[in-house]
Visitor: 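Supplied in structure tokens, the structure appears directly below.
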Amino acid sequence: MFANLPDSVLQMSMIFLSVVIEALPFVLLGCLISGALQVFLTPERVRRLLPKNKLASILVGCVLGFFFPSCECGIVPIINRFITKGVPIPTAFAFMLTAPIVNPIVLFSTYIAFGNSTKFALLRVGGAFFVAIIVGSWLAYFYQGSVLKKGRLPLAASNPQVPADLTLTEEVTTKSEPIPATVALMGSTSTEVTGSSTVVKSTGPMPQPQMKNFLTQVNHVLHHSLDEFFDTGRYLIIGALIASAMQTYLPTAALLTLGSSKLLAILVMLVLAFVMSLCSEADAFIGASLMSLFGTAPVVAFLVLGPMVDIKNLLMMNRYFSGKFILALVALIVLCVTGYAWVV
């Protein structure tokens with residue numbers, strides 16, 4: 001049956017399957033982390049743990065990726081969950097830009113790919129920090145627009161569940177009905193009858209019917225992760241399909257002949273990084289194979305941009321973030337990477 005298909009279709013199918021198989025475990029891991037953040041991370045914990053200073057918070061986001069390694073294939077759901085849980089947007093995006101690069105697995109693979117040399121691993125980390133600090137500072141001090149799509153309110157603001165360690169005083173006006181026993185048991189209450197209405201004043205911890213034990217929490221984590229996986233996975237499939245088609249039908253061999261000048265070579269490698277959509281654990285070996293053709297600067301641009309912006313994670317970003325913000329973000333990243341590669 002497949003013998004009658006054109007070779008280009010077979011090649012595209014093989015590339016598509018390889019991209020999906022390579023990325024799927026990391027998307028699943030990212031969704032599991034996103035589910036865990038949804039259940040265990042509260043806005044109060046975020047405010048307690050992160051420094052108040054904006055620049056210090058951005059630096060924390062940059063370093064966090066070393067301790068919580070994540071591939072770019074699954075980073076977008078994590079960032080969306082960070083933002084909806086109250087993590088400052090500059091900190092969240094600093095983490096998004098550095099985590100796929102500064103994690104130990106990627107650093108080790110880069111070290112091995114370039115003949116047990118630390119040069120390119122350090123240049124890659126330096127580029128990631130440079131871009132993340134610039135983008136984080138832009139978001140913290142200059143960008144005034146919306147990041148999330150309209151209708152995607154932060155869960156911290158819209159979620160009715162309040163952590164058990166919070167106390168509050170609220171007034172609820174209802175028609176004359178008996179007070180539910182669960183409310184009376186969960187905290188101190190008092191009632192005032194005014195006309196045909198009863199005012200219930202309660203002070204004390206808000207009731208938390210969910211997550212009473214560890215198994216219940218795990219169940220919630222898996223539930224959120226599954227929803228996130230099917231929600232995000234379709235964008236991975238579409239992105240992998242577009243990337244495989246571009247790799248098959250775009251004349252990449254012609255692009256390789258354009259490395260006559262340093263700037264042009266950098267731009268060509270940026271295009272290749274975007275089109276090839278490789279996982280950050282594997283792209284160093286491709287970059288090393290192109291060293292003799294392009295030189296250091298273009299290869300560094302390839303290694304820094306690839307984990308930050310490619311076809312599949314661009315589509316995933318489009319799921320959560322506004323189009324105008326994505327365009328501005330990508331343009332700034334490309335400018336930063338180009339400038340960094342030019343001076344190395």
Side-chain angles (χ1 to χ4, degrees), residues 30 33-34 37-38 41-70 72 74-103 124-159 280 301 304-305 307-310 313-314 316-343:
I33 295 173
S34 175
L37 293 174
Q38 165 67 12
L41 186 67
T42 65
E44 289 69 36
R45 286 179 182 149
V46 170
R47 286 192 288 268
R48 195 163 56 241
L49 294 174
L50 287 177
K52 304 298 182 184
N53 182 272
K54 290 182 179 180
L55 185 58
S57 180
I58 292 169
L59 293 175
V60 168
C62 293
V63 177
L64 207 58
F66 184 83
F67 303 99
F68 298 96
S70 177
E72 78 276 6
I75 194 73
V76 176
I78 298 174
I79 298 308
N80 175 64
R81 191 62 61 195
F82 271 159
I83 293 174
T84 58
K85 283 293 184 176
V87 173
I89 289 174
T91 306
F93 277 91
F95 175 78
M96 185 187 85
L97 296 175
T98 56
I101 293 177
V102 304
N103 77 71
R124 195 174 196 183
V125 171
F129 271 76
F130 173 75
V131 175
I133 291 171
I134 295 294
V135 171
S137 301
W138 168 66
L139 287 168
Y141 300 107
F142 301 102
Y143 186 74
Q144 300 296 326
S146 174
V147 172
L148 294 175
K149 278 188 172 181
K150 288 184 178 179
R152 285 192 163 270
L153 295 175
L155 293 180
S158 60
N159 195 340
S280 54
V304 174
L305 182 79
M308 296 181 178
V309 180
D310 62 25
N313 87 335
L314 197 63
M316 291 181 194
M317 281 194 278
N318 188 56
R319 173 73 179 87
Y320 302 106
F321 310 131
S322 68
K324 189 178 294 186
F325 167 73
I326 293 173
L327 286 175
L329 176 68
V330 171
L332 182 58
I333 291 173
V334 170
L335 285 175
C336 291
V337 173
T338 303
Y340 177 77
W342 179 264
V343 300

Visitor: My understanding is that only residues two or more places apart in sequence, or in another chain, count here; which of them pass side chain to side chain donor-acceptor pair (under 3.5 Å) with Ser322?
Guide: none

Visitor: Looking only at heavy atoms, which two atoms of Ala301 and Ala341 are closest? And how far apart?
Guide: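 Nearest heavy atoms, Ala301 then Ala341: CB-CB, 3.7 Å.
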
Visitor: Sort out for me which residue in Val309, Val304, Ile134 forms a side-chain contact (heavy atoms from CB on, under 4.5 Å) with Ile333.
Guide: Val309

Visitor: Do the side chains of Val330 and Ile326 get nearer than 4.5 Å, heavy atoms only?
Guide: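 They are in side-chain contact.
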
Visitor: Determine, step by step, whether Thr84 and Tyr320 satisfy the side chain to side chain contact (heavy atoms under 4.5 Å, CB included) criterion, reporting the C-alpha distance in whole Å, the side-chain angles of both residues, the deciding distance to 0.1 Å, and the verdict.
Guide: CA-CA 11 Å; Thr84 58; Tyr320 302 106; over 6 Å; no

Visitor: Strictly distance-based, threshold 3.5 Å: is any side-chain N or O of Lys149 a donor or acceptor partner for the main-chain N or O of Asn318?
Guide: yes

Visitor: Where do Phe95 and Val60 land on the side chain to side chain contact (heavy atoms under 4.5 Å, CB included) test, with the steps shown first?
Guide: CA-CA 8 Å; Phe95 175 78; Val60 168; over 6 Å; no

Visitor: Find out whether Cys62 and Ile133 are in side-chain contact, i.e. whether some heavy atom of one side chain is under 4.5 Å from a heavy atom of the other.
Guide: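 They are in side-chain contact.
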
Visitor: Between Leu64 and Thr98, is there a side-chain heavy-atom distance shorter than 4.5 Å?
Guide: no

Visitor: Which heavy atom of Arg124 sits nearest to which heavy atom of Pro307, and what is that distance?
Guide: NH2-CG, 3.5 Å

Visitor: Going through the checks in order, is the side chain to side chain contact (heavy atoms under 4.5 Å, CB included) test met by Phe93 and Leu329?
Guide: CA-CA 10 Å; Phe93 277 91; Leu329 176 68; 3.9 Å; yes

Visitor: Nearest heavy-atom pair of Phe82 and Ala92: which atoms, and what distance?
Guide: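 Scanning both residues, the minimum pair turns out to be CB-CB, 4.2 Å.
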
Visitor: Mind running side chain to side chain contact (heavy atoms under 4.5 Å, CB included) on Val87 and Ile79 for me, showing each step along the way?
Guide: CA-CA 9 Å; Val87 173; Ile79 298 308; over 6 Å; no

Visitor: Between Val135 and Leu139, is there a side-chain heavy-atom distance shorter than 4.5 Å?
Guide: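 Touching, per the 4.5 Å side-chain cut-off.
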
Visitor: If you look at every heavy atom in Pro90 and Gly136, which pair is closest and at what distance?
Guide: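 Between these two residues, the closest heavy atoms are CB-O, 3.4 Å.
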
Visitor: Can you find a heavy atom in the side chain of Met308 that is under 4.5 Å from one in the side chain of Val131?
Guide: yes

Visitor: Measuring from Leu148:CG to Ile83:CD1, what's the distance to the nearest 0.5 Å?
Guide: 5.5 Å

Visitor: Roughly how far, to the nearest 0.5 Å, is the OG1 atom of Thr91 from the CG atom of Leu55?
Guide: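 Answer for the CG-OG1 pair, Leu55 versus Thr91, is 10.0 Å.
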
Visitor: Residues in side chain to side chain donor-acceptor pair (under 3.5 Å) with Asp310, at least two apart?
Guide: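 Asp310 satisfies side chain to side chain donor-acceptor pair (under 3.5 Å) with Lys312 only.
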
Visitor: Taking the side chain from Asn103 and the backbone from Ala99, do they hold a donor-acceptor pair closer than 3.5 Å?
Guide: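 Present.
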
Visitor: Under the side-chain hydrogen bond (donor to acceptor under 3.5 Å, both in side chains) rule, what pairs show up with a residue in residues 130-144, not counting sequence neighbours?
Guide: none

